[in-house]
Peer 1: 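Following this message is one structure expressed as C-alpha cells.
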Amino acid sequence: MQVAYRVRARAADIEARARSIAVEQSIEMPPHALRDPRVRAEVLGRVDDIVDQADGHFLVTIALALETTGFEAGQLMNMLFGNSSLHPDIELVDVGLPADATAAFGGPRFGIEGLRRLTGAHDRPMTCTALKPQGSSIRALAQLARQFALAGIDMIKDDHGLADQLSAPFAERARAVQEAVSEANAISGHRTIYAPSLTGGPRRLMAQLEAAKNAGVGALLIAPMISGMGALQECATAGLPVLGHPALAGATRIHPALLLGKLFRLAGADAVIYPNHGGRFSFTPQLCLSVAESARAPWHDMATAMPVPAGGIQLDRVDELVTFYGTDVMLLIGGALLEAPDVEATAREFVERVAARATQGMHP
C-alpha cells in the first residue's frame, strides 16, 4: 500500500527523515539487524517519493506491506500512523490500496444507494436530525423522535453524547424510541430510520448491538475514534447501516478527507458525519467538499458513503448547502430544530425545503 505523509523538515534532512518513517511504520528496529531476507524484501517500508511543497514541508510517499494490516481496520490505523503519530512534524494525508484490499476490509454494506432504498429518499438530498440533550428521560426522547418521524425526517440518530446512562439506559431507550418511530411511520407513511449510539468496550458494545437489533432499529451510530475502527468494521457486519461520528477525530494529525471520507468508509461506514463550514467548527468550504468527495468518489468496487455535514446548520442555509454539495448528501440539522417553538412544524419545514430544492433540478 502507498501511504502519503506531510513532513516538516529541512531539505538537508528530509531523506533521512523519510527513511526513519518507513522503518518506524514497518519493522520498528534497525534495518541492519534484519536477518530474514523475506522481511527485508517484503515487509521493511520503502521510500518511494519525496516532493518539496515549498513551505517547509515535504510530501513523502512510503510503500508499506499490506500483510501487516491483517485486513483489520484498527491494525490498519496502527500501520499507517501508530508510532509516527507521536512525532509532531508528521501528518498522515492519504493511502492507496489495491482492489482486493478494499474488498477485504469490507467498506459500506449499504452506502448511498442502500440508504436511499431503505428510506425511499430517491433523487433528492436526505435529511437527518439528532435526539438531544443527554440527561433527557426516555419518554422525552421517544416523544421527540415521534415528532421528527411524523415530520418526515429520513434519519434520526442519537446524539453521540447519549450512552448507557441512568437517565436513559441504552436498551430501554432504543426500544422506546424505535417504537415511537414505527408508530409515526405507520401514521405518516414515511420510512424514517432510527440509529442509536453504540458506546463502550467490546462486551458492552456487543450487548448494545444485540439490544438494538432486538428493538428493531434501522441503523447504528458509532464514533470510531472513541470505540475503535475495529469496532466500526465489526458493526458493519451486523446487517444494518452504520453512521460514523467524528468525535475525537480532531485530536489526530490525519487529514479529514482521508480519515472521515476514506478510512471511515473503508471500515464500513455507510454515512460519515463531519463539521460543516460556517457552523460551530472551523472546517473550510474546500475541506468540507474534499471530505464529501472522498466519501462519494469511485474506489475500486467499494460502495460510496453518504456525506453528512452537521454542526450549527440553520434552515436558511438549506438551498445554499444543497447547491454546494449536490444531491448525494444528508443534511443534519439538530439544534436549529430543537430551539423552535414548534419542533414538529420546523422539522417539516426542513423536509419541505429539501424536497422543494430537489424539484428545482439539482445535479451532484
Side-chain angles (χ1 to χ4, degrees), residues 91 125-136 140-141 144-145 147-148 151 153-163 165 168 195-199 221-227 243-261 263-265 269 271-296 305-326 328-343 346-347 349-351 353-354 357:
E91 178 187 10
M126 295 181 66
T127 56
C128 183
T129 192
L131 299 179
K132 302 184 182 192
Q134 57 177 316
S136 300
L141 294 170
L144 183 59
Q147 292 177 287
F148 286 146
I153 298 284
D154 295 312
M155 181 78 70
I156 300 170
K157 73 171 190 67
D158 280 350
D159 179 68
H160 76 278
L162 288 174
Q165 296 135 333
S197 175
L198 303 182
T199 60
L221 175 76
I222 190 168
M225 301 309 291
I226 295 175
S227 294
L243 285 71
H245 192 281
L248 210 64
T252 69
R253 287 188 314 285
I254 305 176
H255 195 282
L258 171 61
L259 179 60
L260 305 175
L263 295 177
F264 277 22
R265 174 185 173 190
V272 292
I273 302 169
Y274 61 92
N276 187 58
H277 62 95
R280 302 197 310 270
F281 303 95
S282 60
F283 276 30
T284 65
Q286 185 53 48
L287 181 54
C288 290
L289 194 58
S290 70
V291 173
E293 289 175 344
S294 293
R296 300 183 298 204
M306 180 71 84
V308 188
I313 297 178
Q314 301 293 319
L315 278 177
D316 60 8
R317 295 194 67 193
V318 166
D319 285 4
E320 168 209 341
L321 294 178
V322 171
T323 299
F324 182 77
Y325 287 112
D328 283 334
V329 68
M330 183 188 297
L331 299 181
L332 197 169
I333 300 183
L337 303 184
L338 296 173
E339 68 181 353
D342 188 330
V343 171
T346 306
E349 181 184 353
F350 173 32
V351 170
R353 284 192 180 210
V354 170
R357 190 69 184 91

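Worth knowing before you read on, the calculation uses all heavy atoms, side chains too, and leaves out hydrogens, waters and symmetry mates.
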Peer 1: Sequence neighbours left out, cut at 3.5 Å: what donor-acceptor pairs do the side chains of residues 154-163 make with other protein atoms?
Peer 2:
| from | atom 1 | to | atom 2 | distance (Å) |
| --- | --- | --- | --- | --- |
| D154 | OD1 | R124 | NH2 | 2.9 |
| D154 | OD2 | R124 | NH1 | 2.9 |
| D154 | OD2 | R124 | NH2 | 3.4 |
| D154 | OD2 | T127 | N | 2.9 |
| D154 | OD2 | T127 | OG1 | 3.2 |
| D158 | OD1 | Y194 | OH | 2.9 |
| D158 | OD2 | R173 | NE | 3.2 |
| D158 | OD2 | R173 | NH2 | 2.9 |
| D158 | OD2 | Y194 | OH | 3.4 |
| D158 | OD2 | S197 | N | 2.9 |
| D159 | OD2 | G161 | N | 2.9 |
| H160 | ND1 | H245 | NE2 | 3.2 |

Peer 1: Taking it one step at a time, do V272 and M306 satisfy side-chain contact (heavy atoms from CB on, under 4.5 Å)?
Peer 2: CA-CA 6 Å; V272 292; M306 180 71 84; over 6 Å; no
Peer 1: Just to verify, what does D319 make a side chain to side chain contact (heavy atoms under 4.5 Å, CB included) with, not counting sequence neighbours?
Peer 2: R357
Peer 1: Using the side chain to side chain contact (heavy atoms under 4.5 Å, CB included) criterion, which residues pair with T284? Sequence neighbours excluded.
Peer 2: Q286, L287
Peer 1: Going by side-chain contact (heavy atoms from CB on, under 4.5 Å), N276 matches just one of V291, I313, V308, L332. Which one?
Peer 2: I313
Peer 1: Is it the case that the side chain of S227 and the backbone of P224 share a donor-acceptor pair, with hydrogens and angles ignored and the cut-off at 3.5 Å?
Peer 2: no
Peer 1: Who pairs with Q134 by side-chain hydrogen bond (donor to acceptor under 3.5 Å, both in side chains), at least two apart in sequence or on another chain?
Peer 2: Q165
Peer 1: Apply salt bridge (charged side-chain N to carboxylate O under 4.0 Å, His left out) to R253 and list each qualifying residue two or more places apart in sequence or on a separate chain.
Peer 2: none
Peer 1: What pairs with V318 under side chain to side chain contact (heavy atoms under 4.5 Å, CB included), at least two apart in sequence or on another chain?
Peer 2: V322, L331, I333, F350, R353, V354
Peer 1: Applying ring-ring contact (aromatic ring centres under 6.0 Å, His included), name anything that partners H277, two or more places apart in sequence or on another chain.
Peer 2: F324
Peer 1: Just jot down the side-chain hydrogen bond (donor to acceptor under 3.5 Å, both in side chains) partners of Q314, sequence neighbours excluded, or say none.
Peer 2: none
Peer 1: Would you please name every residue forming a side chain to side chain contact (heavy atoms under 4.5 Å, CB included) with A340, sequence neighbours left out?
Peer 2: T346
